[in-house]
Amino acid sequence: MDPRPRVICLPNTMTNWPWPRAMNPHYEVVKAEVDASFREFKALSAESQEAYDKCDSARLAGLGYPNASREHLRVACELINVFLIVDEYTDVENAAVAEAMVGIVIDALHNPHKTRPKGECILGEIVRQFWARAIQTASLPFQRHFLDSYTAYLRAVIVEALDRDKAHCRSIVDYIKLRRDTCAAKPAIAIYEMAMDLPDEVFYHPAIVELVECIAELMLIDNDMISYNREQATGDENHNLITTVMVELGLDRSGAMVWAARYHTEVEKRFTDGLAKVPSWGPSTDVLVKEYLDGMATWARANHSWSYETQRYLGTRGLEIQRTGLVPLLPRVNCKASSAGAKVNVADLSMMDATADRKHLEAPGQPNS
């Protein structure tokens, strides 16, 4: 048997994306504040918290909102923590428990000044504190739009849990439709509105909605390609575009990656073509619209960059893998544990360094799985 590790090839999907990587100058200071505050919730076991810290969630906010004020960056950092911790908690539960958690989160959003019940899942307090801070400096249109988009995300999380309970793998079309919401792109994009009074006629205009859908698809493609290794290792690969493509089209991993990269290119073109279809609402509103559109395009770049810079998906080798495009296929890991705080699926991928043979990864002609 060939002792060399099986390898996944990751295509570079963002080579021609016009919006460059940028980092918010307040990142380091705000990261320290937010990381310290999050640890106070004690939402994770010590082991899971250590793995979670390696995700560097604040880096995603810094990349995603490079021009945000310090206060709004703080809100954005807390939002990324909300995204990740809700994802970690619900990913290991059945649909009934996930739905109960979603109910707690929605109640906290609508009652940010209400003390949470004693003994309640910690998600309620995490979300309450985030939203109580956000609404202090956020415009009313942002608040409405965020609640709509984040609630849609939460409802989609329940559907994902139902699929997980049944080990159901969706068709490509159905999967992409659901994943546009479960990737949380839409509430993330809404953050660009925090300092804006963006009219509903703009936010809900078909041309704008289509552009948001494009960014959501770019995000889900990149995220699913880069996170596939982690998810197949932790047994959560059914809610992933690569698995869906493999099942429906009968492709291997390499073929599915190529298919996803081609689809990514098609969506990029849809976005750039769609920019030309955006109407004018007058000079003062058009300035806001341009800022909003540039922001969502920046988010697509940020999502891609962070996915390689964080240790969440590729361990300590993200930047090397970004350069080579070669990823060693991880072995399955056991994520079972006895309590909600301990069993959340914060996989530490430092094992990647031990399982990968750099000599083989860097050699030309390495066979793929």
Going through the distances and angles, do E268 and H264 end up as a side chain to side chain donor-acceptor pair (under 3.5 Å)?
CA-CA 6 Å; E268 289 179 59; H264 193 285; 2.8 Å; yes

R270 and E210 ion-paired at < 4.0 Å
yes

Closest non-hydrogen atom pair, C121 against I104
CB-CD1, 4.0 Å

Evaluate the side-chain contact (heavy atoms from CB on, under 4.5 Å) criterion for residues I191 and H72: first the C-alpha distance (whole Å), next the side-chain angles of each, then the deciding distance (0.1 Å), finally the verdict.
CA-CA 8 Å; I191 288 288; H72 284 177; over 6 Å; no

Is the side chain of R164 donor-acceptor paired with the backbone N or O of E93 at a distance under 3.5 Å, no angle test?
yes

Of all heavy-atom pairs linking D165 and A95, the shortest is OD2-N, 2.9 Å

State, without any angle test, whether S37 and R74 hold a side-chain donor-acceptor pair at a distance under 3.5 Å.
yes

Hey, are E33 and R70 close enough for a salt bridge, meaning a charged N less than 4.0 Å from a carboxylate O?
yes

Can you list the steps and then say if Y228 with M246 is a side-chain contact (heavy atoms from CB on, under 4.5 Å)?
CA-CA 12 Å; Y228 172 78; M246 290 169 65; 4.1 Å; yes

Treating W306 as the side-chain partner and C55 as the backbone partner, does any N or O pair qualify as donor plus acceptor under 3.5 Å?
yes

Crowded around R21 CZ? As in, over 12 foreign heavy atoms under 6.0 Å?
yes

Determine, step by step, whether K290 and D286 satisfy the salt bridge (Lys or Arg N to Asp or Glu O under 4.0 Å) criterion, reporting the C-alpha distance in whole Å, the side-chain angles of both residues, the deciding distance to 0.1 Å, and the verdict.
CA-CA 6 Å; K290 184 180 186 308; D286 288 352; over 6 Å; no

Between the main-chain N or O of K54 and the side-chain N or O of Q311, is there a donor-acceptor pair closer than 3.5 Å?
no

Determine whether Y27 and D56 satisfy the following criterion, side chain to side chain donor-acceptor pair (under 3.5 Å), listing intermediate values before the conclusion.
CA-CA 11 Å; Y27 158 68; D56 198 355; 2.8 Å; yes

Any link between V159 and V105 through a network of hydrophobic side chains (Ile, Leu, Val, Met, Phe, Trp, Tyr) touching at under 4.5 Å?
no

Should V209 and I215 be counted in the same cluster of Ile, Leu, Val, Met, Phe, Trp and Tyr side chains packed under 4.5 Å apart?
no

Between M14 and I321, is there shared hydrophobic-cluster membership here, with clusters defined by ILVMFWY side-chain heavy atoms closer than 4.5 Å?
yes

Is the number of heavy atoms from other residues, nucleotides or ligands within 6.0 Å of NZ (K114) greater than 12?
yes

Salt bridge check, E88 against R312: does any charged N sit closer than 4.0 Å to a carboxylate O?
yes

Over 60° means perpendicular and under 30° means parallel, so classify the ring planes of H239 and Y175, tilted if in between.
perpendicular

Name the orientation class of the two ring planes belonging to W17 and W19 (parallel below 30°, tilted from 30 to 60°, perpendicular beyond 60°).
tilted

The side chain to side chain contact (heavy atoms under 4.5 Å, CB included) partner of R179 among D174, N223, I221, N240 is N223

Output, in order, the C-alpha distance, side-chain angles, deciding distance and verdict of side-chain contact (heavy atoms from CB on, under 4.5 Å) for H113 and I135.
CA-CA 11 Å; H113 303 301; I135 60 179; 4.0 Å; yes

Please check if V86 and L178 belong to a single hydrophobic cluster, counting links between Ile, Leu, Val, Met, Phe, Trp and Tyr side chain heavy atoms closer than 4.5 Å.
no

Any link between L314 and L329 through a network of hydrophobic side chains (Ile, Leu, Val, Met, Phe, Trp, Tyr) touching at under 4.5 Å?
yes

Provide the closest heavy-atom pair for V97 versus N94 in the form atom of the first, atom of the second, distance.
N-OD1, 2.9 Å

When the ring planes of Y150 and F83 are compared, do they come out parallel, tilted or perpendicular, using 30° and 60° as the limits?
tilted

Does S305 reach the main-chain N or O of A302 with its side chain, forming a donor-acceptor pair under 3.5 Å?
no

With a 3.5 Å distance limit and no angle check, can you tell me whether N229 reaches the backbone of L330 through a side-chain donor-acceptor pair?
yes

Passes side-chain contact (heavy atoms from CB on, under 4.5 Å), M225 versus I8? Steps please.
CA-CA 10 Å; M225 292 174 75; I8 301 171; over 6 Å; no

So does D148 pair up with K186, basic N to acidic O under 4.0 Å?
no

Closer than 4.0 angstrom, basic N to acidic O: yes or no for E28 and K31?
no

When you measure from the side chain of N24 to the backbone N and O of Y65, does any donor-acceptor pair fall under 3.5 Å?
yes

Between the side chain of E193 and the main-chain N/O of S139, is any donor-acceptor distance below 3.5 Å?
no

Is any side-chain heavy atom of T310 less than 4.5 Å from a side-chain heavy atom of R59?
no

In terms of side-chain geometry, is the basic nitrogen of R332 or E237 positioned less than 4.0 Å from the acidic oxygen of its partner?
yes

Please report the interatomic distance CG(D35) to SG(C77), rounded to the nearest 0.5 Å.
8.0 Å

Any donor-acceptor N/O pair, S227 side chain to R230 backbone, under 3.5 Å
no

Which word best sums up how the rings of F146 and W131 line up, parallel for under 30°, tilted for 30 to 60°, or perpendicular for over 60°?
parallel

Rounded to the nearest 0.5 Å, what's the gap from CD1 on I172 to SG on C169? Could you check?
9.5 Å

Do the side-chain N and O atoms of Y153 and D87 include a donor-acceptor pair separated by under 3.5 angstrom?
no

Just verifying a value: how many Å separate Y263 OH and I176 CD1, rounded to the nearest 0.5 Å?
4.0 Å

Determine whether more than 12 heavy atoms belonging to other residues, nucleotides or ligands lie under 6.0 Å from atom CZ of R262.
no

